[in-house]
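Notes for the one structure printed next.
In what follows, chains carry the letters A, B, and so on, assigned in the order in which the sequence lines appear, proteins first and then strands, with residues in each chain numbered from 1.
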There are 2 protein chains.
Amino acid sequence: MDALAHIRRFNRAVTRQVGALNSSFLDRGRPLGSARVLNAIGRGQGDVAKLRQALALDSGLMSRLLRGLESEGLVVVEDDPEDGRRRIALLTEAGQAEFAEYERLSDAQAADILSRHPDQSALLAAMDLIATALTRAEIEIVPCDPLDPRARDCLAQYYAELAARFEGGFDVNLSKDPEADDMRPPRGTFLLALSDGVPVGCAALKGGADYAEVKRVWIAPAARGLGLARQLMEAIEAAARELGQLHLRLDTNSALPEAVAMYHRFGWDEIDRFNDDPYPDRFFEKRLNP
Amino acid sequence: MDALAHIRRFNRAVTRQVGALNSSFLDRGRPLGSARVLNAIGRGQGDVAKLRQALALDSGLMSRLLRGLESEGLVVVEDDPEDGRRRIALLTEAGQAEFAEYERLSDAQAADILSRHPDQSALLAAMDLIATALTRAEIEIVPCDPLDPRARDCLAQYYAELAARFEGGFDVNLSKDPEADDMRPPRGTFLLALSDGVPVGCAALKGGADYAEVKRVWIAPAARGLGLARQLMEAIEAAARELGQLHLRLDTNSALPEAVAMYHRFGWDEIDRFNDDPYPDRFFEKRLNP
DNA sequence: GATTATTTCTGACATTAGTCAGATATCCTT
DNA sequence: AAGGATATCTGACTAATGTCAGAAATAATC
């Protein structure tokens, strides 16, 4: 069977699905164009110029759609304090509520599909894989508090994976869990890779007196193979330079051969054991140029 | 992380993708409505009434779009010989060429996504899973020649799966491969389950003098758990009645416990070995009421 | 400070999409 | 054969979307 036949089927299936979602959006009594603008603003695209680019709309049309949403009382448009030509759109309270209603419609449709499927986790994994493949160009790496729920979520998946891959399992309490303060500025940092707001990877820099440690490097299964690890490691190194930490170390385990290979590939030197943590058996360091 | 957040991300990713595909369709100088009609006809939806239902179009609009395509010389609309009220749309040669161009655009986009992905087979499997989940209501079961490429494709996957699951592997040459003629009317039949044209399962009825045998029951991994096996078995039984074969038998293997459980569930009785094929070790029969 | 570029907004207009009410021909049922 | 239902088509209309040109304000450049 031709691979393209499968993709055509996928295209048609999602096209119909998107069509169904769009017509359910119409039930809220607003044309699709306005609904799309409202949703884009709700998702944080306030900048009118970016909005126009993201939705590929003519400036005249954009302007009229915003006037329409304003007269509905859902949106206010303010001047950009940094550039008097630009304007910024914000949702009013009513606009927030309306945006939430659109999210609810979309969620209801999603929950319906999910509930009918025999293997929900397989379906979610497939959706993640495809969403990542389609939005890979737009994955962004942002700093984040190590106690943020999104960070905790990544770490939970990271620990679960270690537990599955280490022969004797993995108990985070036996390992030295870094203090959150060591992974926050000014001592260190915690980075998340976000694909359209969903975390698909993380990495931490734990500051120290003699050297800083790279910890918790993890990529979601759906996002592997996209070169995300390199992006994260480069961002970590940039953050380390920023913080004046030029001597980096990390530890890992032979049970994770792709990690070991990766550190070699990224210019890390293998060194002797430098701590007594029970899990790692491979140790690396890298010295950065300022 | 909330499952719905993942689905929202998926929704947004495919919405954007569908939007991009639609605007590439516009490049062919024809409004989207006409393009959708042309594509639906090209995919075999000639019946104007079905076309209207599939695309959810008003009869007036449909009529006008067809007139437009006719005046472009892409489509001819004929009377339905079976029902004078109905009409049937067909692509002219120019229409076929134009349809092929749309397919090419869609394929190019698909190939682009596929080529950028590190694990193409995982991406295809994910697409299959989702397409099946979204179109499960529209899976149709149709008779098909056992030598049709789509049938052969299913059988190849079926044999590969047996080879993986049987301890000593599976060599189709050691098993009694039924003659194609025994799986064609008037002796037997071969059924395919099609989801938007892509085969996602099959089952065969091999006619015989004393009894007919059910063979080659297979469901694609992406389509499992949807109750497709029951649909296929019911269709096989209906075909058997049609052909006057009321005594059915089948053989299977303990290495396929879900198949064994299924036959019990569907009212088959386990019986003694009735052939000397080396692979099966479980044997069933079922007597149908006329 | 003059010139050029950028951003938003408005007006005028064209195209596309969607809706509704008949008209006509045919089919189905009794 | 009559009456009701169905499928398509046409005309008349409305709403939505897309396009273009230019005005006004501000920013960037020289």
Side-chain angles (χ1 to χ4, degrees), chain A residues 15-16 18-41 45-72 74-90, chain B residues 15 18-20 22-41 45-72 74-90:
Chain A
T15 299
R16 196 165 37 203
V18 168
L21 186 58
N22 284 349
S23 29
S24 81
F25 277 6
L26 287 178
D27 290 345
R28 295 207 59 75
R30 193 172 292 107
L32 212 50
S34 313
R36 292 209 309 147
V37 172
L38 180 69
N39 275 284
I41 299 170
Q45 275 292 358
D47 201 90
V48 173
K50 281 187 191 163
L51 214 49
R52 244 182 44 217
Q53 206 200 339
L55 301 175
L57 290 178
D58 177 85
S59 63
L61 185 49
M62 179 85 252
S63 181
R64 263 180 281 269
L65 291 173
L66 283 173
R67 290 302 83 68
L69 291 169
E70 260 184 333
S71 74
E72 280 192 89
L74 302 173
V75 161
V76 286
V77 182
E78 302 173 346
D79 289 330
D80 183 337
E82 290 175 11
D83 184 337
R85 297 168 301 182
R86 288 166 168 269
R87 310 206 70 201
I88 293 176
L90 297 167
Chain B
T15 299
V18 167
N22 284 348
S23 31
S24 80
F25 277 6
L26 287 178
D27 290 345
R28 296 208 58 74
R30 193 171 294 105
L32 214 49
S34 312
R36 294 211 307 148
V37 172
L38 180 69
N39 275 283
I41 298 171
Q45 274 292 356
D47 202 273
V48 173
K50 280 186 191 164
L51 214 49
R52 245 182 43 219
Q53 206 200 339
L55 301 175
L57 290 178
D58 177 85
S59 63
L61 185 49
M62 179 85 252
S63 180
R64 262 180 279 267
L65 291 173
L66 283 174
R67 289 304 83 68
L69 291 169
E70 260 184 333
S71 74
E72 279 193 271
L74 302 173
V75 161
V76 285
V77 182
E78 302 173 347
D79 289 330
D80 183 338
E82 289 174 12
D83 183 336
R85 297 166 302 183
R86 287 166 169 268
R87 308 205 71 201
I88 293 177
L90 298 167

Donor-acceptor pair, distance only, cut-off 3.5 Å: does the side chain of A:D80 make one with the backbone of A:E82? yes
When rounded to the nearest 0.5 Å, the distance separating OG1 of B:T15 from CG of A:L21 is 6.0 Å
Write down the distance between CD (B:E78) and P (D:dT8), rounded to a whole number of angstrom. 14 Å
Round to the nearest Å and state the distance from B:L65 atom CG to C:dA17 atom P. 7 Å
Rounded distance (nearest 0.5 Å) linking atom CG of A:L65 with atom CZ of A:R36: 9.5 Å
If you look at every strand shown and take non-hydrogen atoms under 4.0 Å, does A:R64 touch a base, only sugar-phosphate, or nothing? base
CG (A:N22) and CG (A:L32) are apart, to the nearest 0.5 Å, by 4.5 Å
Within this structure, what is the CD-to-C1' distance between A:E82 and D:dA25, rounded to whole angstrom? 18 Å
To the nearest angstrom, how far is A:D47 atom CG from C:dT7 atom C1'? 10 Å
Using whole Å, report how far CE of B:M62 lies from P of C:dA17. 12 Å
So, the side chain of B:R87 versus the backbone of B:V77: is there a donor-acceptor pair under 3.5 Å, distance only? yes
For B:R86 and A:G84, find the nucleotide of DNA chain D closest to each by heavy atoms; which residue's nucleotide sits nearer the 5' end? B:R86
Identify whether the distance between the nearest side-chain nitrogen and carboxylate oxygen of B:D47 and B:R86 falls below 4.0 Å. yes
Whole angstrom value for the distance that separates P of C:dT16 from CZ of B:R67: 18 Å
Tell me yes or no: between the side chains of B:R67 and B:S71, is some donor less than 3.5 Å from an acceptor? no
Given atom CG of B:D80 and atom P of D:dT6, what is their separation to the nearest angstrom? 17 Å
Starting at atom CG of A:L61, determine the distance to atom P of C:dA12, rounded to an integer number of angstrom. 18 Å
Residues in contact with DNA chain C, drawn from residues 52-59 of chain A - heavy-atom cutoff 4.0 Å: A:R52, A:S59
Between the side chain of A:D58 and the main-chain N/O of A:G60, is any donor-acceptor distance below 3.5 Å? yes
Side-chain contact check for A:A49: nearest option of C:dT7, D:dT8, C:dC9 is C:dT7
Counting only side-chain heavy atoms from C-beta out, which of C:dC9, C:dT7, D:dT8 sits nearest to A:S63? C:dC9
Among C:dC27, D:dC9, C:dT8, the one nearest any side-chain atom of A:R87 is C:dT8
Tell me, which of residues 29-38 of chain A have any heavy atom that sits under 4.0 Å from an atom in DNA chain C? none
Would a 4.5 Å heavy-atom cut-off, applied to side chains only, mark A:I88 and A:D79 as touching? no
Quick note, B:R85 side chain, CB onward, closest among D:dC9, D:dA27, C:dC27 is C:dC27
